[in-house]
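Computed from a prediction, not measured in an experiment: that's the story for all the values here.
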Amino acid sequence: MSFKEALQQQVLIADGAMGTLLYSQYGVNSAFEGLNLTHGGDILKIHQAYIAAGADVIQTDTYAANRIKLNRYGLADKTKAINEAAVSLAHTAQIAAEHPVYVLGTIGGIAGVTDTEIEPLTAEEIDAGVQEQATCLLQTQAIDGLLLETYYDINELKRALKIVCALTDLPVVTNVTMYEPGVLQDGTPLNTALQDLAALGADVVGANCRLGPYNMSRAFESVALPETAALAIYPNAGLPDVQDGKTVYDSPAEYFENYSDTFRRQGARLIGGCCGTTPAHIKGLVAGLQSRQPVTDKKVTVPAAETVPTAADPRQHDFLQRVQHEKVALVELDPPKTFTTAKFFRGAQALSQAGAGAITLDGPLANPTISNVALAAQLKYQYGITPLVHLTTRNHNLIGLQSEIMGLHTLGIANILVITGDPAKVGDLPGATSVYDLHSVELMQMIKKFNAGISPTGRNLQEKTNFAVGGAFNPNVRNVERACKMITRKTAYGADFIITQPILMLPRFTNCV
């Protein structure tokens, strides 16, 4: 019986995490996929443990076995060998199993993987990575289908699905990943995304990773049974914790057992586990199933209609509107390093009276100063002066940056200059660390998402921000071509204006315009 035929007749249990178990043995500074070549025995034991726990479906240890990700570890030239070895190990476990087992060749999402701010991965490069890896897996002729999993970007997954469907008639499983239950990071409802994937030819559509059983169950309450595809659910073990510097999942296997039949009643025909799950969790899934009979009729819970985000006050953009019609003088005024602010505000008033259209507020050379957001609010509301706040990726992690953006909007401060920021080691506190969770262009993109009323996780913010986002350009560098490429990328990511350092030799930059 083929994998597709089995799905039509019964609910199948898939395996759990591979990376979690390997992480506990080898840590994070290694390519888990490379272990297929060097520690194949360990990979085989994990496959066998999941089969012994009752898994009907196992996946190859190839989640990140594409040329782009393997290049991080100097293994790009071993892409074909790694994928072939992974399939061989899974197939060895399959043929030794005492019950029917199906092998899926796994391909993970790639978007967002980049080692340089100047040259991000293009869609063509990502697609080429999928094409190469899928070809390697299929050429083994030892897999029963392909699993495309952990895709945050629905458009990337749709392209990957089209690529693999053109290469094979084997069943294809497509799993999206959500930050928020029931919605993708671009705001697409889960039900819409899964129906679209089914229409594009996926044989199984579902979700994996990030969410534990409770939130995954909530997400699937609003998912209708696709007419042409089966549903898959692969939750995480639960919420992670950090113990002795290591990420661990303490959720007991009973937690999975309690949700197993819930997933079946919600229409899932393929149920497995993702991060943090072990053979014990999969054994729990098997034990929790009250029936293997697939559900063919489902009552969908229609989610409450979300409020359409309202638009922010366009009057916040007086500065940007002025720039479009007249020459505006901007003056950078460094925030004070002490609590003595009288001189700062006197200077700001003098500059404004002299004709400055806006005061830009930086955190110069990574030195600790009074918060430029606090000063900007005072300039705006106490002195009637337009502030332009510098927001760096150096000072805050991803959580902090989102809080800063929400705070700026709440304060009615709409003009932001996004910069990377000088390294912390050049400032007054050389022992401080730089964060750099994002490149400056990625922060621009994130702010633009807020302008659409959506958080980076896809959450409806109930209101749209109205930020004017600027980028910085330094012409006084040796590699002018590289600097010009950066300008092109910043405008592509949504920069509304560019502020430059003084340009002394204009002909050098004609190609940047």
Side-chain angles (χ1 to χ4, degrees), residues 3 7 10-25 32 43 45-64 90 93 97 99 101-109 145 147-151 173-178 181 190 204-220 230-241 247-289 292:
F3 173 54
L7 279 172
Q10 62 181 317
V11 174
L12 300 179
I13 296 297
D15 57 4
M18 174 70 73
T20 299
L21 299 179
L22 295 175
Y23 168 69
S24 65
Q25 298 180 57
F32 295 150
I43 307 298
K45 288 178 182 178
I46 292 174
H47 287 318
Q48 292 171 332
Y50 278 121
I51 291 173
D56 306 299
V57 180
I58 61 174
Q59 58 179 293
T60 57
D61 177 30
T62 54
Y63 169 75
H99 63 272
V101 171
Y102 302 97
V103 173
L104 299 180
T106 301
I107 299 174
L147 169 62
L148 306 178
E149 69 167 6
T150 321
Y151 279 78
V173 181
T174 57
N175 282 343
V176 299
T177 300
M178 301 167 283
L190 176 62
V204 184
V205 296
N208 76 298
C209 207
R210 294 293 302 186
L211 305 181
Y214 169 70
N215 282 320
M216 194 70 86
S217 175
R218 286 178 54 207
F220 274 82
L231 288 180
I233 300 179
Y234 283 67
N236 278 0
L239 294 175
D241 193 8
T247 301
V248 297
Y249 292 82
D250 287 333
S251 300
E254 291 76 15
Y255 187 29
F256 257 47
E257 183 176 338
N258 293 337
Y259 276 92
S260 182
D261 207 63
T262 299
F263 294 147
R264 182 189 69 85
R265 294 194 303 271
Q266 288 179 335
R269 298 193 182 206
L270 181 61
I271 307 172
C274 203
C275 298
T277 56
T278 67
H281 291 85
I282 302 310
K283 188 175 182 179
L285 286 179
V286 175
L289 278 181
R292 288 283 184 138

Open item on the list: side-chain contact (heavy atoms from CB on, under 4.5 Å) for Tyr259 and Ile233? Distances and angles first, verdict last.
Closed with: CA-CA 11 Å; Tyr259 276 92; Ile233 300 179; over 6 Å; no
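- Looking only at atom types and distance, the side chain of Thr150 has a donor-acceptor partner in the side chain of Asn208 under 3.5 Å away.
- Once rounded to the nearest 0.5 Å, the distance linking CD1 of Ile107 with OH of Tyr151 reads 6.0 Å.
- The structure places CG of Leu285 at 5.0 Å from CD1 of Ile13, a figure rounded to the nearest 0.5 Å.
- Using bins of under 30°, 30° to 60° and over 60° for the plane-to-plane angle, the ring pair Tyr102/Phe3 lands in the tilted bin.
- Arg264 contributes atom CZ, which lies 13.5 Å from atom CG of Leu231 (distance to the nearest 0.5 angstrom).
- Between atom OH of residue Tyr63 and atom CE of residue Met18 there is a gap of 14.5 Å, rounded to the nearest 0.5 Å.
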Open item on the list: Assess the residue pair Ile46 and Leu22 against the criterion (side-chain contact (heavy atoms from CB on, under 4.5 Å)); give the C-alpha distance rounded to whole Å, side-chain angles, the decisive distance to 0.1 Å, and a yes or no.
Closed with: CA-CA 9 Å; Ile46 292 174; Leu22 295 175; 3.8 Å; yes
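- Taking the ring pair (Phe, Tyr, Trp, His ring centres under 6.0 Å) definition, one finds that Phe256 meets it with His281, sequence neighbours left out.
- A side-chain donor-acceptor contact under 3.5 Å links Thr60 to the backbone of Thr106.
- Enclosure of atom OH in Tyr255 by more than 12 non-hydrogen atoms of other residues, nucleotides or ligands within 6.0 angstrom is indicated.
- Between Arg292 and Asp56, at least one side-chain nitrogen of the basic residue sits less than 4.0 Å from a carboxylate oxygen of the acidic one, meeting the salt-bridge criterion.
- Checking side-chain atoms of Thr277 against main-chain N and O of Ala17 turns up a donor-acceptor pair under 3.5 Å.
- A donor-acceptor contact shorter than 3.5 Å links the side chain of Gln266 to the backbone of Ser217.
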TODO: Tell me, with the steps shown, if Met178 and Leu211 meet side-chain contact (heavy atoms from CB on, under 4.5 Å).
DONE: CA-CA 7 Å; Met178 301 167 283; Leu211 305 181; 3.7 Å; yes
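- Checked against side-chain hydrogen bond (donor to acceptor under 3.5 Å, both in side chains), Asn258 has no partners two or more places apart in sequence or in another chain.
- The CG atom of Leu289 sits 10.0 Å away from the CD atom of Glu257 when rounded to the nearest 0.5 Å.
- Using a distance-only test at 3.5 Å, with no hydrogens or angles considered, no donor-acceptor pair links the side chain of Arg269 to the main chain of Ala230.
- Partners of Asp15 according to the salt bridge (charged side-chain N to carboxylate O under 4.0 Å, His left out) rule, which considers only residues two or more places apart in sequence or in another chain, do not exist here.
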